[in-house]
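Following: one structure in structure tokens, then a few remarks.
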Amino acid sequence: MAKSKNNAKKLSYISVPSQIINSISSSSLQSLLESPKKCARQSRFFTFVKWGRLRLFLFTLSLLAFFAILKLGLNLDTPFPPFPCGTSAGLSKSEFGVPVQEGGVLDGVDDTVSEPLVASVQLHAQVPSGVERGEEVEKSEFWEQPDGLGYKPCLGFSREYRSESERVVNNRRRYLMVVVSGGMNQQRNQIVDAVVIARILGAALVVPILQVNVIWGDESEFADIFDLDHFKSDLANDVRVVSALPSTHLMTRPVEGSPLPHATPNWIRSHYLRRFNREGVLLLRGLDSKLTKDLSPDLQKLRCKVAFHALRFAKPVQELGDNIAERMKSKGPYLALHLRMEKDVWVRTGCLPGLSPEYDEMINKERLNRPELLTAKSNMTYHERRLAGLCPLNAVEVTRLLKALGAPKNARIYWAGGQPLGGKEALQPLINEFPYLYSKEDIALPGELEPFANKASLMAAIDYIVSEKSDVFMPSHGGNMGHAIQGHRAYAGHKKYITPNKRQMLPYFLNSSLPEEEFNSIVKELHQESLGQPELRTSKARRDVTKYPVPECMCNDK
């Protein structure tokens, strides 16, 4: 036992402390204390009811329950009602910008948790003409898929790679440990790179440690999000994955490091391999975008294998995501829309939401108070950033773009993303034109999301699954999730993915004198080559192969 305690102390540097403690509110506690009293009062009441009346009462109650259950069972797959998106009335400014996804509330800026934006509450608005509850989604060229040119997954490794694999997977001297940070999609990218670095160094990979983010407070571990057994078995011929360090290495103080940006395999070997061989354990942090995107063909294929095959979501997450996707598809095709309209997104991008002067002033004030949050070029004004296509699309712009591209009024839209700044009003232009707008909170059955409550990474994983399975996907702004899904949809046969051509279409958005028909024609033409067609990664320097899997990871008969 003493030895175990000593070992625990030696490994304390990799422990991840809890950042957030959830407490039970006094009102909740009071309700728990009161409930037995209510039951006692009910039992005393029934003692005064005559036996005949009681039998009649119980029979009637059972009959009503039977019909209620029957109705619920028959309605599980019925079409969703229009205007599902709602919000609590009277939200104050301090309640805006609270995330449920990777967006995140700004640390130290606004940590008041608001009511969920989507609460299955119908908005009282006029239903557009032709949109009937339960009707099939209108057939439209909007749902047509791009020509994939016959490209299919192609992960044939070279003979040299395969012969080297036996030596790598049998190595028992070197162990790589990694700590990954950020949201789920950011962590996912770092895990892909960690596997490749383990292969470069000929080391076994210890299951990655997911750092607790102080913004989201999600303490989920690798196995909570991903299928660990599948991860190990799928990579068995490439890299050995172990759950923990063996006893022979527990007392070893690891070599620590963080690669430079765009580090090459040669750089990694020259900086770490000698000390790695001596100490036996290497601990890397800060892997985000550190490994070069231009690797050898075999290592590029390994990245695709990890991203598209090995990193399968954990069974509970995958099953719920599949169920929600099936419900969305129950009445025809659906569009998945990743909206980036959270408060912190506006601050970090140096852009303004355009909801009102008050909201613009709020964002400007936050940016002045915390200039370190600005990730865009600080020497550019807001208008310069917008004209350069560096700002997220707001609800008005998303609506006009979808209309121009031919999305039918009754299109089912799955909304993925954090709560937008401005609440319901920020989404109102989109809801007015496309009333069948849903989030996972709308589609999930009662209690289905409870196991994932307060776990932003698991919620993001559900959004990822439903978005990847959609007939059409469109992000309002670039980001880790959009890039990951772009590559995943390409690898699946180039399923339709709309990339908003913000830089070229913005002048037409600003031209209020342009007739709508002409505007729609121009915007449609601008996006003819931005619908998810095959794009060669080799023509895009330093682009990630998991975003552009052609030609390294996909090939056609030609």
Side-chain angles (χ1 to χ4, degrees), residues 16-23 87 95-119 179-191 208-227 288 311 313-314 316-321 324 336-348 373 392 414-421 423 439-444 447-468 475-477 479-485:
V16 185
S18 173
Q19 302 293 335
I20 295 178
I21 300 176
N22 296 322
S23 60
T87 185
E95 294 173 324
F96 296 138
V98 179
V100 294
Q101 300 288 344
E102 283 193 77
V105 66
L106 297 177
D107 183 25
V109 173
D110 196 356
D111 54 6
T112 302
V113 178
S114 70
E115 293 294 324
L117 176 66
V118 178
V179 178
V180 299
S181 59
M184 188 277 294
N185 290 290
Q186 193 174 356
Q187 291 174 340
R188 192 173 177 274
N189 293 338
Q190 294 171 64
I191 293 169
I209 301 165
L210 308 189
Q211 181 176 335
V212 176
N213 190 294
V214 294
I215 295 177
W216 299 290
D218 189 344
E219 299 181 14
S220 299
E221 298 180 359
F222 185 98
D224 297 324
I225 305 172
F226 304 104
D227 187 333
D288 196 23
L311 278 176
F313 290 112
V317 180
Q318 186 69 48
E319 286 181 349
L320 181 54
I324 292 177
L337 185 61
H338 188 214
L339 294 177
R340 302 308 312 276
M341 297 167 58
E342 303 97 323
K343 180 179 179 178
D344 71 303
V345 174
W346 296 118
V347 173
R348 288 188 290 105
L373 295 174
Y414 179 83
W415 162 48
Q419 186 178 114
L421 176 68
S439 73
K440 55 187 170 293
E441 287 81 2
D442 290 299
I443 309 302
E448 279 189 319
L449 288 175
E450 286 183 8
F452 312 106
N454 302 319
K455 295 183 181 293
S457 294
L458 300 184
M459 291 293 197
I462 294 170
D463 274 345
Y464 188 101
I465 295 167
V466 183
S467 297
E468 197 281 321
S476 67
H477 189 58
N480 290 312
M481 179 169 171
H483 294 166
I485 290 181

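Because only heavy atoms are used, hydrogens play no part in the values below, and waters and symmetry mates are left out as well, while side chains stay in. Bear in mind the structure is a predicted one, so any value in this text is a computation, not a measurement.
Rounding to the nearest 0.5 Å places CG of Asp463 at 11.5 Å from CG of Leu458. Distance check, rounded to the nearest 0.5 Å: CE of Met481 to CE of Met184 gives 7.0 Å. The NE2 atom of His338 sits 7.5 Å away from the OG atom of Ser467 when rounded to the nearest 0.5 Å. Atom-to-atom distance recorded for Tyr414:OH and Leu337:CG is 11.5 Å, nearest 0.5 angstrom. Between Ser181 atom OG and Gln187 atom CD the span is 7.5 Å, to the nearest 0.5 Å. Distance check: Leu339 CG to Ser439 OG gives 11.0 Å after rounding to the nearest 0.5 Å.
Looking at Asn185, its side chain never comes within 3.5 Å of a backbone N or O of Asn480 through a donor-acceptor pair. For the pair Gln211 (side chain) and Val180 (backbone), a donor-acceptor distance under 3.5 Å is absent. Listed for the Ser476 side chain is a donor-acceptor partner under 3.5 Å among the backbone atoms of Arg340. Judged by distance alone, with hydrogens and angles left aside, the side-chain atoms of Gln419 form no donor-acceptor pair with the main-chain N or O of Glu342 at under 3.5 Å.
The closest side-chain heavy-atom distance from Met459 to Leu449 is below 4.5 Å. No side-chain heavy atom of Ile462 sits less than 4.5 Å from a side-chain heavy atom of Phe313. At a threshold of 4.5 Å between non-hydrogen side-chain atoms, the residues Glu219 and Asp224 do not count as touching. A 4.5 Å side-chain heavy-atom check between Lys440 and Val466 finds every atom pair outside the cut-off. Side-chain contact between Ile209 and Phe222 is absent, with no heavy atoms from C-beta onward closer than 4.5 Å. The shortest distance between side-chain heavy atoms of Leu311 and Ile191 falls below 4.5 Å. With a 4.5 Å cut-off on side-chain heavy atoms, Trp415 and Asp442 do not count as touching.
Contact record, Gln318 with Ile465: CA-CD1, 3.6 Å, taken as the closest heavy-atom pair. Across every non-hydrogen atom of Ser457 and Asp218, the tightest pair is N-OD2, 2.7 Å.
Side-chain N/O atoms of Asn189 and Asp288 include no donor and acceptor closer than 3.5 Å.
With sequence neighbours left out, the salt bridge (Lys or Arg N to Asp or Glu O under 4.0 Å) criterion links Glu448 to Arg327.
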